[in-house]
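Reckoned from all heavy atoms, side chains included, excluding hydrogens, waters and symmetry mates. The structure presented is a predicted model; accordingly, all values stated were derived computationally and were not measured.
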Amino acid sequence: MCSIIGFEKKEKSFEEVCKCFARSDSRGPDGTRFFDDEVLLGFKRLAIMGLSEAGMQPFELNGNVVCCNGEIYGFEVIRESLKGKGYTFKSGSDCEILLPLYEQYGVDMFSLLDAEFACIIYDKKINKLICARDPIGIRPLYYGISKETGGYVFGSEPKIIIDFVKEVLPFPPGHYFIDNKFIRYANLTDVKIKHFKMPEILKNIHDKLSAGVIKRLDSDAPIGFLLSGGLDSSLVCSIAQKHLKAPLETFSIGMKTDAIDLKYAKEVADYLHTNHHEIIITKDDVINSLEEVIKNLATYDITTIRASIGMYLICKNIHETTNIRVLLTGEISDELFGYKYTDFAPDAWEFQKEAKKRIDEIHMYDVLRADRCISSNSLEARVPFGDLDFVKYVMEIDPSLKMNTYHKGKYLLRKAFEGDYLPNDILYREKAAFSDAVGHSMVDYLKEYAENLYSDEVFKKECKKYKHATPFTKESLLYREIFEKYYPGQSQMIVDFWMPNKSWDGCNVNDPSARVLSNYGDSAK
């Protein structure tokens with residue numbers, strides 16, 4: 001990953017800045033460096049591209065400075081074009097091209113990037129910070145107003161800036177910040193519907209997702225793959241295995257007693273001939289990791305926390321037992337092609353509205369989960385379904401074709417990869433939520449643990465303390481109280497609980513798990 005921090009006006013205590021910035025050491029274990037002048041910028045490095053010391057940030061050019069947590073795809077081509085304009089480069093880092101791009105294009109550069117990134121640029125000439133975040137928000141960035149100086153403060157995680165600011169807020173994806181204003185430079189979800197012809201759509205889904213996977217295999221550090229045995233992660237692995245000569249390193253996780261995913265993950269691993277690893281967890285592992293997970297996530301959201309426990313523990317094992325630095329994952333497919341609950345969408349327009357909402361907010365939910373679970377274990381996440389070209393294309397497909405009118409969710413994605421990519425029972429396997437598929441007992445243990453902590457009377461009393469995103473179950477109260485321990489009064493960082501669309505018939509439920517829906521069916525098997 002990497003971690004960045006920036007102060008528009010320097011705080012009095014540099015020691016306090018260093019202390020708070022150190023909370024994100026896991027994001028950048030390979031070195032820390034500051035730029036200290038009119039402004040203060042800091043960078044912690046996880047070396048992925050350009051592993052030599054020359055790739056260490058902040059980069060400086062003609063008085064300008066940049067810190068960036070990101071991956072810029074196709075940067076080699078951009079670098080060659082910049083060389084033609086007289087620029088020289090000292091490292092193999094993709095982020096070294098940013099300052100030359102800024103000199104050439106100014107803030108228009110952000111719309112030119114095929115990247116997942118968060119960056120802070122100091123423009124010496126105007127003596128101002130310019131910040132930006134990728135269009136989906138795959139890389140994290142937060143901001144607030146300093147209690148001491150009144151200047152803006154930016155950082156990769158809430159925990160590194162919370163001591164300095166009045167209120168921590170997520171930096172809006174697809175925006176850049178300049179002159180105290182957030183300006184949108186990219187919007188992937190306000191689109192015109194352009195694609196109606198099935199054969200063409202299937203070919204483009206296949207080709208664009210394949211391209212999204214392949215470009216994310218470019219790394220100077222070892223790569224691994226999270227493999228649940230569900231459709232999305234299995235497709236990522238299959239596409240990658242067709243492109244790479246060596247066997248993939250794949251990893252799956254499950255409860256000791258009732259794991260659903262493990263058998264499917266093994267079937268995929270055997271089919272693709274990967275070097276497969278299984279991590280088995282217990283009730284004690286789940287309960288003992290809960291507080292650490294919430295502290296790292298900086299959320300109170302129920303479904304995010306449930307799904308994060310398995311992901312955090314698998315990443316912890318990978319970090320402790322392997323030399324892998326980069327993990328490819330299957331997030332962002334559900335938001336584009338549908339969840340179990342979107343089977344209840346009343347019409348195509350409502351399906352499209354829901355997809356837009358989910359993509360616009362995903363930086364607070366599944367993308368946040370992937371980032372924190374992986375980065376807190378000194379690894380980098382890459383998300384092929386979040387490829388910008390792929391996301392925009394799928395959002396432009398006629399939503400009536402994306403709805404589940406085929407008696408099988410995500411039909412377009414499945415149909416696009418028929419052939420020798422996956423066993424047919426995996427390609428057409430029913431969707432199961434990750435937290436359920438790790439083992440139904442995992443969520444049951446969490447509910448039981450919370451139930452034993454609060455009497456009904458205490459539960460009702462404690463819930464009244466929270467006006468925003470008020471807890472509505474004992475489990476949600478437990479998560480909120482742990483959240484408030486580390487991020488008091490900062491619930492606005494997350495807009496609300498992730499829940500199915502309660503306005504739709506069949507979705508008015510009080511638990512985010514697909515298990516409570518009437519169409520869950522074979523997902524439990």
Side-chain angles (χ1 to χ4, degrees), residues 2 4-10 34-43 49-50 55-91 93-143 145 151-156 169-188 190 363 388-389 392:
C2 297
I4 59 176
I5 197 169
F7 294 84
E8 185 179 50
K9 298 178 181 179
K10 292 190 290 186
F34 287 93
F35 171 81
D36 189 356
D37 198 337
E38 296 297 315
V39 299
L40 180 65
L41 302 184
F43 180 75
M49 301 298 295
M56 183 64 181
Q57 301 182 43
F59 289 121
E60 299 184 40
L61 179 67
N62 299 328
N64 295 336
V65 185
V66 68
C67 292
C68 181
N69 168 28
E71 290 297 331
I72 301 167
Y73 301 110
F75 78 94
E76 297 93 343
V77 175
I78 299 173
R79 185 172 59 192
E80 288 306 308
S81 71
L82 290 168
K83 285 180 179 178
K85 296 179 180 179
Y87 291 99
T88 59
F89 297 88
K90 63 181 183 179
S91 77
S93 170
D94 51 329
C95 293
E96 195 181 356
I97 68 171
L98 292 175
L99 288 178
L101 278 178
Y102 179 68
E103 282 197 348
Q104 291 292 313
Y105 300 103
V107 292
D108 290 340
M109 67 176 280
F110 301 119
S111 62
L112 304 176
L113 296 176
D114 178 10
E116 44 210 40
F117 74 96
C119 75
I120 306 171
I121 295 173
Y122 171 57
D123 186 319
K124 179 74 172 177
K125 186 176 180 180
I126 61 175
N127 192 30
K128 289 182 178 178
L129 295 184
I130 295 106
C131 306
R133 191 178 185 189
D134 69 72
I136 295 176
I138 292 175
R139 294 305 169 93
L141 191 62
Y142 292 82
Y143 74 97
I145 305 295
Y152 278 84
V153 182
F154 303 90
S156 290
L169 292 168
F171 192 105
H175 287 70
Y176 63 81
F177 170 91
I178 187 170
D179 291 330
N180 295 347
K181 293 181 291 188
F182 292 92
I183 299 171
R184 189 155 203 171
Y185 71 87
N187 189 334
L188 301 181
D190 284 341
H363 66 284
L388 302 183
D389 183 48
K392 188 171 186 296

Going by atom types alone, do Asp94 and Tyr73 pair a side-chain donor with an acceptor below 3.5 Å?
no
Step by step, work out the side-chain contact (heavy atoms from CB on, under 4.5 Å) result for Gln104 and Lys85.
CA-CA 9 Å; Gln104 291 292 313; Lys85 296 179 180 179; 3.6 Å; yes
Using a 3.5 Å distance criterion without hydrogens, assess whether the side chain of Lys128 forms a donor-acceptor pair with backbone atoms of Ile121.
no
What are the two closest non-hydrogen atoms of Val107 and Phe110, and how far apart are they?
O-CD1, 3.2 Å
Just wondering, do Ile178 and Asp123 contact through their side chains at under 4.5 Å, heavy atoms?
no
Identify the heavy atoms of Ser91 and Ser93 that sit nearest to each other, and give their distance.
OG-N, 3.1 Å
Steps toward side-chain contact (heavy atoms from CB on, under 4.5 Å) verdict (Leu101, Leu82)
CA-CA 8 Å; Leu101 278 178; Leu82 290 168; 4.3 Å; yes
Check Ala118 against Leu141 and note the closest heavy-atom contact, atom names and distance.
CB-CB, 3.9 Å
Heavy atoms, side chains only, cut-off 4.5 Å: are His363 and Pro170 in contact?
yes
Nearest-0.5 Å distance, CG of residue Leu129 to CD1 of residue Ile120:
7.0 Å
Of Tyr142, Tyr122, Phe177, the residue whose pairing with Phe154 passes ring pair (Phe, Tyr, Trp, His ring centres under 6.0 Å):
Phe177
Quick one: list whatever passes salt bridge (charged side-chain N to carboxylate O under 4.0 Å, His left out) with Asp108, sequence neighbours left out.
none
State the SG-CD1 distance between Cys119 and Ile72, to the nearest 0.5 angstrom.
8.0 Å
Parallel under 30°, tilted from 30 to 60°, perpendicular over 60°: which one fits the rings of Phe171 and Tyr143?
perpendicular
Compare all side-chain heavy atoms of Leu41 with those of Ile4 and state whether any distance is below 4.5 angstrom.
no
Min side-chain heavy-atom separation Ile130-Ile126 under 4.5 Å
yes
Interatomic spacing from CD in Glu76 to OG in Ser81 - rounded to 0.5 Å:
12.0 Å
Which value, rounded to the nearest 0.5 Å, describes the distance between Ile136 atom CD1 and Leu388 atom CG?
5.5 Å
What pairs of donor and acceptor atoms, side-chain ones from residues 59-70 against any protein atom, are under 3.5 angstrom apart with sequence neighbours left out?
residue	atom	partner	partner atom	Å
Asn62	ND2	Glu103	OE2	2.6
Asn64	OD1	Lys124	N	3.0
Asn69	OD1	Arg139	NH1	2.9

Would Ile145 and Tyr152 satisfy side-chain contact (heavy atoms from CB on, under 4.5 Å), going step by step from the backbone distance to the final call?
CA-CA 5 Å; Ile145 305 295; Tyr152 278 84; 3.5 Å; yes
Identify the two heavy atoms, one from Asp134 and one from Tyr185, that lie closest to each other, and give their separation to 0.1 Å.
CA-OH, 3.5 Å
Any Val153 side-chain heavy atom under 4.5 Å of Lys9 side chain
no
Is any side-chain heavy atom of Arg184 closer than 4.5 Å to a side-chain heavy atom of Tyr176?
no
What's the separation between atom OG in Ser156 and atom CD1 in Ile5, rounded to the nearest 0.5 Å?
8.5 Å
Are Phe75 and Asp114 close enough, and set up right, to give a side-chain contact (heavy atoms from CB on, under 4.5 Å), and what steps lead you there?
CA-CA 9 Å; Phe75 78 94; Asp114 178 10; over 6 Å; no
Show your reasoning for whether side-chain hydrogen bond (donor to acceptor under 3.5 Å, both in side chains) applies to Glu96 and Tyr87.
CA-CA 11 Å; Glu96 195 181 356; Tyr87 291 99; over 6 Å; no
Any chance you could measure Gln57, atom CD, to Cys2, atom SG, to the nearest 0.5 Å?
6.5 Å
Which residue is it: Glu71, Glu116, Arg133? I am looking for the one with a side-chain contact (heavy atoms from CB on, under 4.5 Å) to Ile138.
Glu116
